[in-house]
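Structure record follows, encoded as structure tokens.
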Amino acid sequence: MSTHEQWQVRLNQVAGDFYQLSVVHMESRRVWHPAINAFRLPDRYLVCVELAGMQKEQIAVRVEPQRLIIEGNRASPEPRCASGDPAPQVLAMEIDYGPFERILRLPEPIRTDQVTARYREGLLWIELPLAHPTSPGLTVELTP
Amino acid sequence: MKGLLEFLADPLRLEESGSPISPGGAGAESSAGSGEGEIAIPDTLPILPVRNTVLFPGLVAPLTIGRASSRKLLEESLPQSKIIGIFAQKDAATEEPGPDDIHHVGVAARVLKLLRQTDDTLIIVVQALERVAFVRALVVAPFMRAEVRVLKPLPPPSDDLEFTATVEELRETALKLVELTLDPPDQAASVIRNLKDPGQLADFMAGSLNLPVEQKQPLLEELDVAKRVRAVLKHVAAQLEIARIQQKIQKDVTSAISDQQRRAFLREQVRAIQKELGEEDGGVEQQVEELRQRLQQAGPPEAVMQQAERELRRLQHLHPASPEYAVVVSYLETLAELPWNKLTEDNLDLDRAQKVLDRDHFDLEKVKRRLIEYLAVRKLNPQGHGPILCFCGPPGVGKTSLGQSIADALGRKFARVSLGGVHDEAEIRGHRRTYIGSMPGRIIQEIRRAGSRNPVLMLDEIDKLGTDFRGDPASALLEVLDPRQNHAFVDHYLDVPFDLSQVMFICTANQMDTVPAPLRDRMEVIEIPGYTDREKLEIARRYLVKRQLKEHGLKNGQCKFETPALQRIIHDYTREAGVRELERQIAAICRHVAARVAGGEITEFTVTRDAVEKILGPAKYIHETRLATDRPGVVTGLAWTPTGGDILHIEALRYPGKGNILLTGQIGDVMKESAQAALSLVKARAKELGIASDAFKDTDIHIHVPAGAVPKDGPSAGVAIFTAIASLFSNRPARADVAMTGEITLRGLVLPIGGLKEKTLAALRAGLKTVLIPKLNEKDLPDIPAEVREKLEIKTVETVDDVLALALSKPPTRRRRK
């Protein structure tokens, strides 16, 4: 359960007693947000998205000069069972499933035509070369 | 959609080729998720009955699952389908609701998550999708499964302005409500702003409002969007109103608190400023506490303490700036300062007392004896009441200073109240506290000043008390001076009794005539007569000269007074009962000597008899004997005055007239009658006196008593007037060195008079040789100082004939010789 959802649960349990209004999350289209790690290297951004249990075809990456959008739909993982077997009981269902979306704003423009992505071991690595890279070791010159 | 990329490429391939993701993929705007946006709702759904909750399409909500049947429902149905039907229970108390126990409109919802809190409790997060109607129950156990029908909302009229306005109104009201009740409101506010579909907006608000199921369910069942929006608006508006009232109440409460806090804060600041200015008075509480402590130290009687406690309580409720506050504080201060329990110990050493009295005053044996007696009694009976003495005598004889000596002799505090000219009762007994500027009477004030409950309290000039419309101070003194009453003297200001019984009261007066009888009755009058010349000489030698030398800075030996010089001052420059004038004359001489010593002219000076005349000028008083002539019709009488005795010259004159009698010299009625009686007596005895029987015919008589400016009255000059008339008509001059006093009757008897001592003293001062007094006054002779008896020839007379025999000289003519 993400922090957002934990907050939702707690708020709805508690807040209803005190306010005329209890905030209920409302979305016409329910999406979830995969977790990321992001890095800035001298010449590029590196973004790692946690997206386990998917086929790379199911993931869509779109880039704009200062925006990165990751979208897709992950099916709920189900046990394999032969037909005729009794249906398994569900004891917990914590893994996010269904449509997801993650939009990142990038502080510096990137070269949209040189973005590459790689999906390996459940992680999606996206490399975003900077439009105006600063060379390694280059520091801002101080005017004397 | 420039720069938009759809990336479905194989990453490995991309790496191998190194080729970038190329732009393209037009029309692929909708993401993969949108394909599943339309979730198909099956015809049959497992039915989850819920308590106290109505879900609306579009809402994501957590639900707590406690019922075993519900748990089973989720556990068994979720593997097949994530979609369940959620229906509100009609009655929250129903434990296992059947198809008839639930509302028949609910929502189809997708279970997003299933979390286990504990073994028995699940939390599911559901997203409500569509309204569904319960059509028919298929299975009831272990959980309900039913056939449902999706309910499509009736779309609103597309171009209805009223509807559009209602939607906007709902949005605005909802925003205000969110603004008021949520902190922070941003998230919900943005949802409200961004929801374009009126139905969804209404559903969002309906789901968010804290309404009971009975009110929420109709909103869910309302398929007509327009109607639903209006219904929700009504609820939202009502909630907004409640929120506003709540907020106002809260604000009022808050502001009430903060107002009080503000006052407290300001007061604290004022105190800090006062402290900084050094004006800190410690506040009311501290002052009250201080006063209470002082009162307890003073140890007043129980009744007084109770009264004080009452006032202290009042003080606590008064503002320090109010005038009443100052009144109460000064009252309590007065109470605290009174010597309720403080007594000085009497020094009962009789010898010492005698020494102290002798040191300060010459003679006055009678007074001293009385004081020693008092001390003796005091020694035997310490609890006795203080006596009330009254010293009566002429000015300057030392009555007031005697009071101080008495206090010294007794070892008591001395306090003095001058009553001369006091004509307001309040001066004695104080003003009531209702008056502004009220204060206790002089008695209480002096006792407070003395600081002990048993001082010697001198009431000076008690004969000069006035009386007017403001009351009679003499009557107020009655209570003070009664030893049986004054143990509980109530001053108007104090309003509580104060014990005066241990006070030794000493009054002084010049004459007792003007002292009201009841007051006189309460006092033991001790007469202090005037001093004789010899006594004055002693006083001058022992006290006055020393004092004046010291006063003028003359050292011992620089100025010596010879005894004849002092005698001359007493004799020729003063005529008084006391010694004030004498002291002034001595002071005049001292000044003269001091001037010469300071000028370096002389270093020491001896005052001789002659020097006195040089310094003081010619003699101020001439002895009346010198005034006296041998002329018939002039007789020396004696008079009593408040300042001691004096001599009178009575002059009689006859001239042709009609037999009238004229009396002048400020003579009172009694004296006039006395003169008439004297004349009648002379006429009646004309023959015996050798007066021609027609002598009174065609003759007016004028009797004058100088000095004309001094009022005179009384019968005691009768003898003298008779002698004067007799002398005049018999043409026999009276002896100039003989003085006489006595009242006459028509039978020719001489009646007794008062003030014999003063009169004889006056005669001695005037240098007369013989004094004729009534026979009946013989009893008073022991009172007359020995000196007087030695120097004066005092003769007693019974009748006027005795007087004439002694006073008139032998007839100068041949007329008759007895």
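Order of the sequence lines fixes the chain letters, A, B, ..., with proteins taken first and strands second; residue numbering starts at 1 for each chain. Quick note: numbers below take in every heavy atom, side chains included, and nothing from hydrogens, waters or symmetry partners.
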Comparing Leu63(B), Val111(B), Leu74(B) against chain A, the one with the most heavy-atom pairs below 4.5 Å turns out to be Val111(B)

Roughly how far, to the nearest 0.5 Å, is the CE atom of Met93(A) from the CG atom of Leu112(B)? 7.0 Å

When you measure from the side chain of Arg116(B) to the backbone N and O of Ala92(A), does any donor-acceptor pair fall under 3.5 Å? no

Heavy-atom count check: over 12 atoms from other residues, nucleotides or ligands less than 6.0 Å from Lys248(B) NZ? no

Non-hydrogen atoms of chain A under 4.5 Å away: do they reach the side chain of Val236(B), the backbone, both or neither? neither

For Lys82(B) and Ser76(A), work out which heavy atoms get closest and say how close. CE-OG, 3.7 Å

First locate atom CD of Glu78(A), then atom CD of Gln80(B), and finally report the distance between them rounded to the nearest 0.5 Å. 10.0 Å

By side chain to side chain contact (heavy atoms under 4.5 Å, CB included), Asn37(A) pairs with (sequence neighbours left out) Phe39(A), Cys48(A)

What heavy-atom pair brings Leu91(A) and Glu75(B) nearest, and what distance separates the two atoms? CD2-OE2, 4.0 Å

Do you know which two heavy atoms are closest between Leu115(B) and Glu94(A), and how far apart they sit? CD2-CG, 3.4 Å

